[in-house]
Structure formats: structure tokens, C-alpha cells
Amino acid sequence: MTQYFLSLPHNSDEEPTMESMDPAELQQMMAEVGAFNTALQEAGAFRFAGGLHPPSTATTVDATGDGPEFTPGPFVKADEYLGGFWVIEADNDDDAIEWTKQASRALRSRVEVRALQEAPAA
């Protein structure tokens, strides 16, 4: 089976977090995401998932020179950023897209899906 990365974009101007959401809306969304996660687990498709803090909390590390350099913030400035993700397994792209549609409904948001690269055959 192929592993797929489902990513959740967020608006950089807002940097939304669970703390900034309406509590009732958050509770409903978390229930729907919980049901989605349960469906993934029951199908054997769930590998792992997580939510990320906003880019303003990031530190970029560059250890390619003589010594490491640390820069507060993300390494790329963008209109949107990765706010959360799932890694799932699916037999093919169509099955992965079906899971992604369910994730999008649960989150009431766009969700991007891409296959993870596999090592080339020796």
C-alpha cells in the first residue's frame, strides 16, 4: 500500500489555533474529526496525524555551514501554511482521494493529498 500525506492549509494572516476558535464550533469539528479518525483506524488506513502550532512559533535551523544558525520564524514566508496533517495508507490515488474528501468535510476546509515518495528499487 502507498502512504499518502493529507495536509491542511491555514491562512497566514490569521494563524488560527484551537484556542482562537468558537468553542461550540471547535467541539463539533473535533467530534467529526474523531469520527473520521475512527473510520481510518477501523479500515487500517490510519498511520498518524497531528496539528501544528502557527509558523510564528517556529525556529529555522541551518547547520550546513561552519556552525548552526538559528532564525526565529518559518524558513518561507507565504500566504498559507501547513496547519495539520494525516499520514494514511491507501491502495491507490482514488481511495486516498475518497479519504481526503471525508477529511475536508470533517474540517470544513480544503485538504491537499499527495503520495509519499518511495525509495527506488535497487
Side-chain angles (χ1 to χ4, degrees):
M1 275 211 243
T2 302
Q3 289 190 335
Y4 290 86
F5 184 73
L6 282 61
S7 57
L8 175 63
H10 283 313
N11 185 317
S12 292
D13 291 336
E14 299 168 7
E15 287 199 345
T17 63
M18 288 189 283
E19 290 81 19
S20 67
M21 292 180 68
D22 172 81
E25 185 178 318
L26 175 63
Q27 183 177 4
Q28 178 65 33
M29 185 183 67
M30 293 301 288
E32 291 177 32
V33 169
F36 172 67
N37 286 339
T38 297
L40 282 171
Q41 291 165 349
E42 289 174 352
F46 184 85
R47 291 298 154 255
F48 60 96
L52 300 170
H53 286 281
S56 61
T57 67
T59 299
T60 300
V61 179
D62 183 354
T64 60
D66 293 335
E69 294 182 22
F70 305 95
T71 306
F75 71 97
V76 171
K77 302 290 184 196
D79 291 338
E80 295 179 317
Y81 67 93
L82 178 63
F85 65 92
W86 283 271
V87 174
I88 66 167
E89 283 191 343
D91 288 328
N92 54 54
D93 290 353
D94 290 338
D95 289 348
I97 288 171
E98 286 302 315
W99 285 117
T100 306
K101 289 191 304 191
Q102 292 179 46
S104 177
R105 276 193 295 272
L107 290 167
R108 300 171 186 88
S109 176
R110 296 173 296 131
V111 177
E112 178 185 316
V113 60
R114 284 194 271 167
L116 273 64
Q117 292 187 41
E118 296 180 21

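Worth saying up front: this structure is predicted, and the values here are computed from it rather than measured. Count residues from 1 along the sequence.
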Between [X] (side chain) and [Y] (backbone), is there a donor-acceptor pair under 3.5 Å?
{"X": "Ser109", "Y": "Ser104", "value": "no"}
{"X": "Tyr4", "Y": "Asp93", "value": "yes"}
{"X": "Thr100", "Y": "Glu112", "value": "no"}

Atom of [X], atom of [Y] and distance for their closest heavy-atom approach:
{"X": "Ala96", "Y": "Ala90", "value": "N-CB, 3.8 Å"}
{"X": "Trp99", "Y": "Ala39", "value": "CH2-O, 3.6 Å"}
{"X": "Pro74", "Y": "Ala58", "value": "N-CB, 4.1 Å"}

May I ask you to decide if the ring planes of Phe85 and Phe5 are parallel, tilted or perpendicular, using 30° and 60° as cut-offs?
parallel
Validation row, ring centre Trp86 to ring centre Phe36 under 6.0 Å:
yes
Trace of the side chain to side chain contact (heavy atoms under 4.5 Å, CB included) decision for Leu82 with Leu52
CA-CA 7 Å; Leu82 178 63; Leu52 300 170; 3.7 Å; yes
Residue pair [X] / [Y], side-chain heavy-atom distance below 4.5 Å:
{"X": "Glu25", "Y": "Gln28", "value": "no"}
{"X": "Leu6", "Y": "Ile88", "value": "yes"}
{"X": "Arg110", "Y": "Pro9", "value": "yes"}

Using salt bridge (Lys or Arg N to Asp or Glu O under 4.0 Å) as the criterion, list what pairs up with Arg105, not counting sequence neighbours.
none
Atom CZ of residue position Arg114 - does it have more than 12 heavy atoms of other residues, nucleotides or ligands inside 6.0 Å?
no
